Amino acid sequence: QVQLVESGGGLVQAGGSLRLSCAASGRTYSMFRMGWFRQAPGKEREFVAAITWHSGATNSADSVKGRFTISRDNVKNTVYLQMNSLKPEDTAVYYCAAQFRATTGGRPNDYDYWGQGTQVTVSS
């Protein structure tokens, strides 16, 4: 069992920055990967970025490459999403998720535990 708690969302103007945090507790030593997804109203949940927990390897969606950076602190059991150059189309509820199976990690179904989500709103 893993518990995930996100924080750091809010309202920001276009071009601004936010840093999301996701604190994990429980069986964190067994995690394979942690990821960030987002879901805008009326749209499906989409992959944003992921990081392999032990190796630190990362990957991200093309729509955020060069603007968003995922990182983790294994001591604090926390994963971060630094979001720069935000656009109105980045507006969504952002969720962090934990994966225990060594699969691709780009789909919501790859993940086993989810946080409650944090709202990010980017005004134009």
Side-chain angles (χ1 to χ4, degrees):
Q1 191 85 2
V2 168
Q3 295 78 41
L4 304 173
V5 178
E6 300 104 332
S7 60
L11 173 64
V12 64
Q13 287 189 330
S17 298
L18 281 174
R19 188 175 83 152
L20 305 183
S21 300
C22 175
S25 60
R27 288 177 49 221
T28 58
Y29 56 88
S30 296
M31 292 192 302
F32 175 71
R33 182 183 282 118
M34 289 191 73
W36 286 98
F37 288 75
R38 66 186 182 187
Q39 189 165 18
K43 294 189 176 182
E44 292 187 353
R45 193 167 296 191
E46 65 172 358
F47 171 76
V48 175
I51 186 164
T52 304
W53 192 243
H54 295 291
S55 74
T58 64
N59 63 305
S60 59
D62 288 343
S63 59
V64 305
K65 273 189 171 71
R67 300 189 299 123
F68 292 10
T69 303
I70 189 170
S71 61
R72 94 284 194 227
D73 184 327
N74 294 70
V75 175
K76 294 182 179 179
N77 288 329
T78 299
V79 65
Y80 304 97
L81 186 68
Q82 178 66 44
M83 306 186 294
N84 299 328
S85 302
L86 282 160
K87 305 175 181 179
E89 51 264 42
D90 295 318
T91 295
V93 177
Y94 283 71
Y95 298 90
C96 76
Q99 180 187 26
F100 282 73
R101 297 156 288 158
T103 57
T104 56
R107 304 167 302 175
N109 285 347
D110 291 328
Y111 291 80
D112 303 290
Y113 296 95
W114 292 84
Q116 80 287 355
T118 186
Q119 176 71 46
V120 171
T121 303
V122 184
S123 63
S124 57

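Computed from a prediction, not measured in an experiment: that's the story for all the values here.
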**Q** Apply the test side-chain contact (heavy atoms from CB on, under 4.5 Å) to residues T121 and Q119: give CA-CA distance (whole Å), side-chain angles for both, the deciding distance (0.1 Å), then the verdict.
**A** CA-CA 6 Å; T121 303; Q119 176 71 46; 3.3 Å; yes

**Q** Please identify each residue that fulfils ring pair (Phe, Tyr, Trp, His ring centres under 6.0 Å) with F32, with sequence neighbours left out.
**A**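 Not a single residue meets the ring pair (Phe, Tyr, Trp, His ring centres under 6.0 Å) criterion with F32.
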
**Q** Counting only heavy atoms from other residues, nucleotides and ligands, does the tally under 6.0 Å from CD of Q116 exceed 12?
**A**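 Enclosed: over 12 neighbouring heavy atoms sit under 6.0 Å from CD of Q116.
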
**Q** Look at the side chain of R33 and the backbone N and O of T103, then say whether any donor-acceptor pair between them is shorter than 3.5 Å.
**A**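 Yes, R33 side chain to T103 backbone: donor-acceptor pair under 3.5 Å.
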
**Q** Using the side chain to side chain contact (heavy atoms under 4.5 Å, CB included) definition, which of the options L18, V64, T91 pairs with L86?
**A** L18

**Q** Any link between F68 and I51 through a network of hydrophobic side chains (Ile, Leu, Val, Met, Phe, Trp, Tyr) touching at under 4.5 Å?
**A**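 Linked within one cluster.
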
**Q** Given M83 and D90, is the side-chain contact (heavy atoms from CB on, under 4.5 Å) satisfied, shown in steps?
**A** CA-CA 9 Å; M83 306 186 294; D90 295 318; over 6 Å; no

**Q** Spell out, as yes or no, whether a donor-acceptor pair under 3.5 Å connects the side chain of K65 to the backbone of S60.
**A**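 Yes, K65 side chain to S60 backbone: donor-acceptor pair under 3.5 Å.
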
**Q** Is W36 linked to V93 within one hydrophobic cluster, defined over Ile, Leu, Val, Met, Phe, Trp and Tyr using a side-chain heavy-atom separation of less than 4.5 Å?
**A**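 Cluster IDs for W36 and V93 differ.
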
**Q** Under 3.5 Å, side chain of N74 to main-chain N/O of H54, donor-acceptor pair present?
**A** no

**Q** Please check if F37 and V120 belong to a single hydrophobic cluster, counting links between Ile, Leu, Val, Met, Phe, Trp and Tyr side chain heavy atoms closer than 4.5 Å.
**A**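 Hydrophobic grouping puts F37 apart from V120.
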
**Q** Using 30° and 60° as the class boundaries, would you call the ring planes of Y95 and W114 parallel, tilted or perpendicular?
**A** perpendicular

**Q** Flag yes if M31 and I70 sit in one hydrophobic cluster, no otherwise; membership is Ile, Leu, Val, Met, Phe, Trp, Tyr, and two members link when side-chain heavy atoms are under 4.5 Å apart.
**A**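 Per the 4.5 Å side-chain linkage, M31 and I70 are co-clustered.
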
**Q** Tell me if a side-chain donor or acceptor on R101 pairs with a main-chain N or O of D110 at a distance below 3.5 Å.
**A**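 Indeed, once roles are kept as given, a pair shorter than 3.5 Å links the two residues.
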
